[in-house]
Trainee: 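My structure is below; once you've seen it, I'll send some questions.
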Protein chains: 2
Amino acid sequence: MNEFELIDAIVDVLDPVSAGGDIVVGPGDDCCVTSVPGGHQLVSSIDTLIAGRHFPRDAEPFHIGYRAMMVSLSDLAAMGADPHMAMVALSLENLDAQWVRSLAEGMRQAAEICGVPIAGGNIARGALSLSVSVHGLVETGAAVLRSGASAGDAVYVTGALGGAAAALEQKFTEAALRQRYFLPRARLDLASQLRSWASAAIDISDGLLQDLAHVAKASGVAIDLIEAKIPVFPGAELRHALEGGDDYEICFTAAQAPDFDAVEIGRVVEGEGVMIDGKPVDPRGYQHFA
Amino acid sequence: MNEFELIDAIVDVLDPVSAGGDIVVGPGDDCCVTSVPGGHQLVSSIDTLIAGRHFPRDAEPFHIGYRAMMVSLSDLAAMGADPHMAMVALSLENLDAQWVRSLAEGMRQAAEICGVPIAGGNIARGALSLSVSVHGLVETGAAVLRSGASAGDAVYVTGALGGAAAALEQKFTEAALRQRYFLPRARLDLASQLRSWASAAIDISDGLLQDLAHVAKASGVAIDLIEAKIPVFPGAELRHALEGGDDYEICFTAAQAPDFDAVEIGRVVEGEGVMIDGKPVDPRGYQHFA
């Protein structure tokens, strides 16, 4: 059983309790969306970052805390949700006072940058990991989903890609790239503009191709990228921008050119899957097709 | 640095971002409470259960999933909140299909019993742990806090205590006790009645004395228990009922006798700390004082 089959099995078992009632959007988007009173919807996500898997075990504690918070908040940005609050469940093996304070300072700085309060949490002894639950609010129906792209829309990205993946590959030897990996910025600054302009959106966490494949599938369309237009982070290569994750820029579709900085990188067309210059690519292994 | 100092250090660092704005009740109660539109408040908690620490590593996967969900939902019951939705972040080392399906079936059953949808989640490879984020709603000001007890209130508990702790001590050899540990029932059936009757409430997760010490401290009062009145689960002993956790009954204070099943076990009085029959006890080590 691979991880995709694993997720399918769990989603299948939980299906009877993950739809209906107050659930507007269940598992399968960046966030779930639920109806709350007062004409609003709650937009929520939970993410776990595990040492040695989602970040290097010897990373600076400040970076670990900062990044865990930002990575989760990025899911709210992708939905165009205004942040409401975050909660953090920490599993810590290291009880060194300075280390733990630095971890908390990283979380605090990320929360301050995004203007989101950390309302609660939980601490346990165990292998180092951080689960962050984030919650935003939108007026009913205003959340930007993966499923809203239509043929004819253009595809945009909010910044250069590949920096974080290049940093990881180079084992963090280059400062600007290292910062791109460890100090990402959730694009909550664009939340309200995404609500106005975007027909669909996703944050680039797993890589442009893989993430856009989710949008294409959820929307029942194909996405055709123009290779020459994809903005590559200085010091990174095109393959990092296409396949590397961890950048946390937002990729979105829109029927009209938006009034904020974003680079047009392709079109939504009839069909399925992701293409580059009209040629289908396998999002999970682009290099094999290069 | 012990765990209490650790928590204090983190709370201290996060203090600037864990108050104000939409936060009504920040860290320190069973749940945090935040203002949402429409005259309501969101009541939220996150808990992580780690294999080998919060449940036996070789426990049945159904029990692991069921109990993780119930333990988290119990925090909503303690606040008198009606459940809105839950999210689950799983860290799994075991990808055996039947094991994983059983885990999900346990989560589903707990969710069905409590009538709470599982709206989203996340799965990662790592040491076995489950982080569950739960969310309820109350009308503004209706949540039952730890801080509301007044001298003169009586103290009640919603069921017999000590069964789960006795089960753990006996290494789960006795069926009824084993069930008490692995298949607890979050008392969400009493949420609306607790809102009507309780001045303060907490769920018994760490042990009656330790949990009531939190209520006494938050309310600025003392609590005097009557030893002979404490309901002890069949097969357990008084020490399990006083010091054992994991029962997930609700202990609450009220100015008037409630109209639902609950056992009066003591009084709220002026002063501080927890007493039994008028004698102060150390909640963290009652046995040493016995």
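Every chain is numbered from 1 and lettered A, B, ... according to where its sequence line falls, protein lines coming before strand lines. What's counted below: heavy atoms across the whole structure, side chains too, no hydrogens, waters or symmetry copies.
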Trainee: Would you say A:D15 and B:R108 make side-chain contact, with heavy atoms under 4.5 Å?
Mentor: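 Contact flag for A:D15/B:R108 side chains = no.
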Trainee: Quick one: does B:D22's side chain get under 4.5 Å of A:P117's, heavy atoms only?
Mentor: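 No, too far: nothing below the 4.5 Å cut-off.
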Trainee: Out of B:P16, B:S45, B:P37, which one racks up the most heavy-atom pairs below 4.5 Å with chain A?
Mentor: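 Of B:P16, B:S45, B:P37, B:P37 has the most heavy-atom pairs under 4.5 Å with chain A.
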Trainee: Go through the steps for A:E112 and B:V17 under the test side chain to side chain contact (heavy atoms under 4.5 Å, CB included), then give the verdict.
Mentor: CA-CA 7 Å; A:E112 282 173 343; B:V17 292; 3.4 Å; yes
Trainee: Quick one: closest heavy-atom pair of B:L14 and A:A104, and the distance?
Mentor: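 What the structure gives for the nearest pair is CD2-O, 3.5 Å.
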Trainee: Please state whether the side chain, the backbone, both or neither of A:L49 comes within less than 4.5 Å of a heavy atom of chain B.
Mentor: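 Contact with chain B is absent: no heavy atom of A:L49 under 4.5 Å.
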Trainee: Closest heavy-atom contact between B:M85 and A:C32?
Mentor: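 B:M85 and A:C32 have their closest heavy atoms at CE-SG, 4.2 Å.
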Trainee: What part of A:I46 gets within 4.5 angstrom of chain B, counting heavy atoms only: side chain, backbone, both, or neither?
Mentor: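 For A:I46, backbone and side chain are both near chain B.
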Trainee: How about B:R185: does its CZ atom have over 12 heavy atoms from other parts shown lying under 6.0 Å from it?
Mentor: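 At most 12 heavy atoms, drawn from other residues, nucleotides or ligands, come within 6.0 Å of this atom.
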Trainee: Side chain from CB out, backbone as N, CA, C, O: work out which of these in A:A127 comes under 4.5 Å of a heavy atom of chain B, or both, or neither.
Mentor: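 Side chain of A:A127 only, per the 4.5 Å heavy-atom cut-off to chain B.
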Trainee: Using the side-chain hydrogen bond (donor to acceptor under 3.5 Å, both in side chains) rule, collect all pairs that involve residues 35-44 of chain B, keeping only residues at least two apart or in two chains.
Mentor: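 Every side-chain hydrogen bond (donor to acceptor under 3.5 Å, both in side chains) pair that includes a residue of residues 35-44 of chain B, provided the two are not neighbours, is B:S44-B:H135.
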Trainee: Minimum heavy-atom separation for B:R101 to A:A9, with atom names?
Mentor: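 Minimum heavy-atom contact is NH1-O, 4.1 Å.
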Trainee: Measuring from atom OG of A:S72 to atom CG of B:N122, what distance do you get when rounded to the nearest 0.5 angstrom?
Mentor: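 It comes to 8.5 Å.
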Trainee: Can you tell me which portion of A:I50 sits under 4.5 Å from chain B's heavy atoms? Options are side chain, backbone, both or neither.
Mentor: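 A:I50 touches chain B through side-chain heavy atoms alone.
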Trainee: Quick one: what part of A:V88 sits under 4.5 Å from any heavy atom of chain B, side chain, backbone, both or neither?
Mentor: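 For A:V88, the contact with chain B is made by the backbone alone.
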Trainee: Measuring heavy-atom distances to chain B, does A:L90 have an atom under 4.5 Å in its side chain, in its backbone, in both, or in neither?
Mentor: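 Only the side chain of A:L90 comes within 4.5 Å of chain B.
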Trainee: Using a cut-off of under 4.5 Å on heavy-atom pairs, state which of A:G120, A:A19, A:P27 scores highest against chain B.
Mentor: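 When all of A:G120, A:A19, A:P27 are compared, A:P27 has the most.
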Trainee: Given B:I10 and A:I118, is the side chain to side chain contact (heavy atoms under 4.5 Å, CB included) satisfied, shown in steps?
Mentor: CA-CA 11 Å; B:I10 292 173; A:I118 300 176; over 6 Å; no
Trainee: Of the backbone (N, CA, C, O) and the side chain (C-beta and beyond), which part of A:D12 lies under 4.5 Å from a heavy atom of chain B, both, or neither?
Mentor: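 For A:D12, the contact with chain B is made by the side chain alone.
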Trainee: Examine distances only and state if a side-chain atom of A:R53 and a backbone atom of B:A124 form a donor-acceptor pair shorter than 3.5 Å.
Mentor: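 Absent.
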Trainee: Can you check side chain to side chain contact (heavy atoms under 4.5 Å, CB included) on B:M107 and A:V13, steps first, answer last?
Mentor: CA-CA 9 Å; B:M107 295 193 289; A:V13 172; over 6 Å; no
Trainee: Give the minimum heavy-atom separation between A:T48 and B:A89, together with the two atoms involved.
Mentor: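 Taking every non-hydrogen atom into account, OG1-CB, 3.1 Å.
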